[in-house]
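Atoms within a ligand are numbered from 1 in the order they appear, just like the ligands themselves.
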Amino acid sequence: MASRIPLLCLLGLLLLVASPAIAADDSGIYYQLALLWPGAYCEQTSAGCCKPTTGVSPARDFYITGLTVYNATTDAAVTECSNQAPYNPNLITGIGLEQYWSNIKCPSNNGQSSWKNAWKKAGACSGLDEKAYFEKALSFRSRINPLFASKKMDDFNLYGLKAIKKVFKNGINAEPVIQCSKGPFDKYMLYQLYFCANGNGTFIDCPAPPQYTCSKTVLFHPYKKWMLKQQLNDDSAEFYEAAADPFQLPGLAMDN
Ligand SMILES: *[C@@H]1O[C@H](CO)[C@@H](O)[C@H](O)[C@H]1NC(C)=O
Ligand SMILES: *[C@@H]1O[C@H](CO)[C@@H](O)[C@H](O)[C@H]1NC(C)=O
């Protein structure tokens, strides 16, 4: 099937981390990383998507939208702890969040609310300090290398869920949970991928996977440079096309 070929090409792009999948370690926790496909986000929201005001172009890739720590015994998110360190933006400058944890929500914003929200919701009780928490998310993302977004993906093709999962299974020896959203012609699009890793950072199939409705084949909606607009956060807001920017897309935490 011709539509599968681009996906299979991606295999070559994925890191082959050939460690055996061991579900549990002795840390008692596991991580869940959420990655957003911006092409679907831009398509499905009526406001479209906006270029962040960070001054850094988002990578043309999946964006991180969250890293959550789970209790491996209860599968409950670890959100409470005694010493919640306050969010400090100065601790995480220059580590690459603008590219890979970008907030392309409109109106254009500087991403700080997403990072602050992630820290307060999941990071502060993760057992990691702030910089280590965000670096762990970036490191998981880069090891997954979800760049099956090579240009081949911008072609409105349909891909089988099984084929998508297999691409990652072959790369990191664990399957993502696939979340879809409704796109053009009422077709399901790939919207977010969720990956889990045990306390040692070994990728595992998510122990308590969230359930999402998708069709057996889903659309990879293209993500093009012109889709990212600049919208000022005031009443006279106008949209500008971010035509001058080299296109790279990153990952981002959207506030719900
Ligand atoms: C995880 O790390 C701990 C200590 O760092 C080690 O004892 C354990 O064997 C590791 N587990 C796996 C699955 O690698
Ligand atoms: C997980 O939950 C159990 C039961 O509530 C608790 O005893 C344990 O300490 C928790 N583990 C972690 C790592 O939070």
Could you list the donor-acceptor pairs under 3.5 angstrom formed by side chains in residues 179-189, with sequence neighbours left out?
from	atom 1	to	atom 2	distance (Å)
Q179	OE1	Q192	NE2	3.0
Q179	OE1	Y194	OH	2.7
S181	OG	Q44	OE1	2.8

Non-neighbouring partners of L91 that pass side chain to side chain contact (heavy atoms under 4.5 Å, CB included), sequence neighbours left out: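 Checked L91 against side chain to side chain contact (heavy atoms under 4.5 Å, CB included); matches are N88, E130.
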Atom 10 (C) of ligand 2: nearest protein contact (heavy atom, Å): N71 ND2, 2.4 Å
Those atoms of ligand 2 less than 4.0 Å from some heavy atom in T74: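 Counting atoms of ligand 2 from 1, those under 4.0 Å from T74 are 2 (O), 4 (C).
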Region of I29 that comes within reach of ligand 2 [heavy atoms, distance under 4.0 Å]: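 It is the side chain that touches ligand 2; the backbone stays farther off.
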Per-atom contact, atom 14 (O) of ligand 2, protein heavy atoms, under 4.0 angstrom: yes
SG proximity flag C49/C106, limit 2.5 angstrom: no
4.5 Å side-chain heavy-atom contact, I164 and L190: yes
